[in-house]
Amino acid sequence: MYYGLSGYHPNLYQILESWTGEPKNTVYFLINKYGLPNEASSRRIIWYNNGPWKRTIVHLDTVPHNTPTPHLDYLEQTIDYKVPVQFFDDLAKFDGSLYPDRTAGETSAKCDQEAANFMALNLMNDIVTGKRSVEDARRAAVEIEKAFRLNGQFSSYTTGFLFPKQYNTADPDISFF
C-alpha cells in the first residue's frame, strides 16, 4: 500500500525514502488519516494530539511480538490514563506491549495496528476497573484480534475508547527533602 507524498515537506519525503515495510506503509496511512506529523527523524515519525491520541509514534525499528499472533510492534500510541500502581504487574502479565508511566500519567500501547492499540487499552481499562481478570482479558484479546485480523470484523474494542478521557493524570510523587 503506497499513499505517496507528492507535495509534502521535502525533509519528510527524504526521510521516508529510506524506510521500508509495514512502518513506512503505516506512516502513509496515518498521514492520510491525521495529516502531516509534527516531528520526523530518521528513526521515528511523531504526531501530537491526533484524533483520540495524546501522541502517536511510528518507529522504524520493530520488535517481534507473538501474542496473540506473531506480528511486529512499531506503532506506539499514548493517552492520558492514571493506572493505579497495584495494577502494574497485572498489566505486564496481560500484555508486554502496554507501558503505564505513573509520573507522566500516561499509558502507551505498542502494536502494528491502531485497532490493536485501541483493544489493548480498552482491555487494560477492563482489568483496572475490575471488569475482567488478566486471564479473561488475554482470552478476549485472542478472540477480538482473530476476528479483525482474519475476518475483518471490528468490534467496539478496536474502533475507539470504551471509557471516558482522563484529565490531570500525572503523579509527580512526593518530595523527601
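Throughout, numbering of the chain's residues begins at 1 and tracks the sequence. Side chains are part of it too, since the values below use all heavy atoms of this structure and drop only hydrogens, waters and symmetry mates.
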Linking I/L/V/M/F/W/Y whenever any side-chain heavy atoms sit under 4.5 Å apart, do Val27 and Leu72 land together? yes
If hydrophobic clusters are built by linking Ile, Leu, Val, Met, Phe, Trp and Tyr wherever their side-chain heavy atoms come under 4.5 Å apart, do Trp19 and Ile46 end up in the same one? no
Nearest atoms (heavy-atom pairs only) where Pro37 meets Ile31: CD-CG1, 4.1 Å
Option among Lys110, Glu114, Arg55 that satisfies the side chain to side chain donor-acceptor pair (under 3.5 Å) test with Gln77: Glu114
Can you get from Met119 to Phe29 by hopping between Ile, Leu, Val, Met, Phe, Trp and Tyr side chains that sit under 4.5 Å apart? yes
Quick check: is Ile57 connected to Leu60 through a chain of hydrophobic side chains (ILVMFWY, heavy atoms under 4.5 Å apart)? no
All heavy atoms of Thr169 vs all of Gly105, minimum pair found to be OG1-O, 2.6 Å
With ILVMFWY side chains joined below 4.5 Å, transitively, what does Val63's cluster contain besides itself? none
Using a strict threshold of under 4.0 Å (side-chain N to carboxylate O), is an ion pair present between Asp61 and Arg43? yes
Close side-chain approach of Asp126 and Tyr157, heavy atoms under 4.5 Å: yes
Is any side-chain heavy atom of Thr158 closer than 4.5 Å to a side-chain heavy atom of Gln113? no
Give the minimum heavy-atom separation between Ser156 and Asn122, together with the two atoms involved. O-ND2, 4.0 Å
Phe87 reachable from Leu162 in the ILVMFWY side-chain graph, under 4.5 Å edges: yes
Over all heavy atoms of both residues, which pair between Ile45 and Ala40 is shortest? Give the atoms and the distance, please. CD1-CB, 3.7 Å
Which atoms form the tightest heavy-atom contact between Pro23 and Tyr74, and what is the distance? CA-CE1, 3.7 Å
I'd like to check Phe163 versus Val128 (side-chain heavy atoms, cut-off strictly below 4.5 Å). Are they in contact? no
Does a donor on one side chain sit under 3.5 Å from an acceptor on the other, for Thr56 and Tyr34? no
Is there a donor-acceptor contact under 3.5 Å linking the side chains of Glu39 and Tyr48? yes
Please tell me if the side chains of Thr107 and Leu121 come closer than 4.5 Å, counting only heavy atoms from C-beta onward. yes
Using a side-chain heavy atom cutoff under 4.5 Å and only I, L, V, M, F, W and Y, what cluster partners does Val85 have? none
Under the criterion ring-ring contact (aromatic ring centres under 6.0 Å, His included), I'd like the reasoning laid out for Phe161 against Phe118: C-alpha separation, chi angles, the key distance, then a yes or no. CA-CA 6 Å; Phe161 293 115; Phe118 276 127; 4.9 Å; yes
Of all residues at least two apart in sequence or in a different chain, which pass the ring-ring contact (aromatic ring centres under 6.0 Å, His included) check with His65? His71
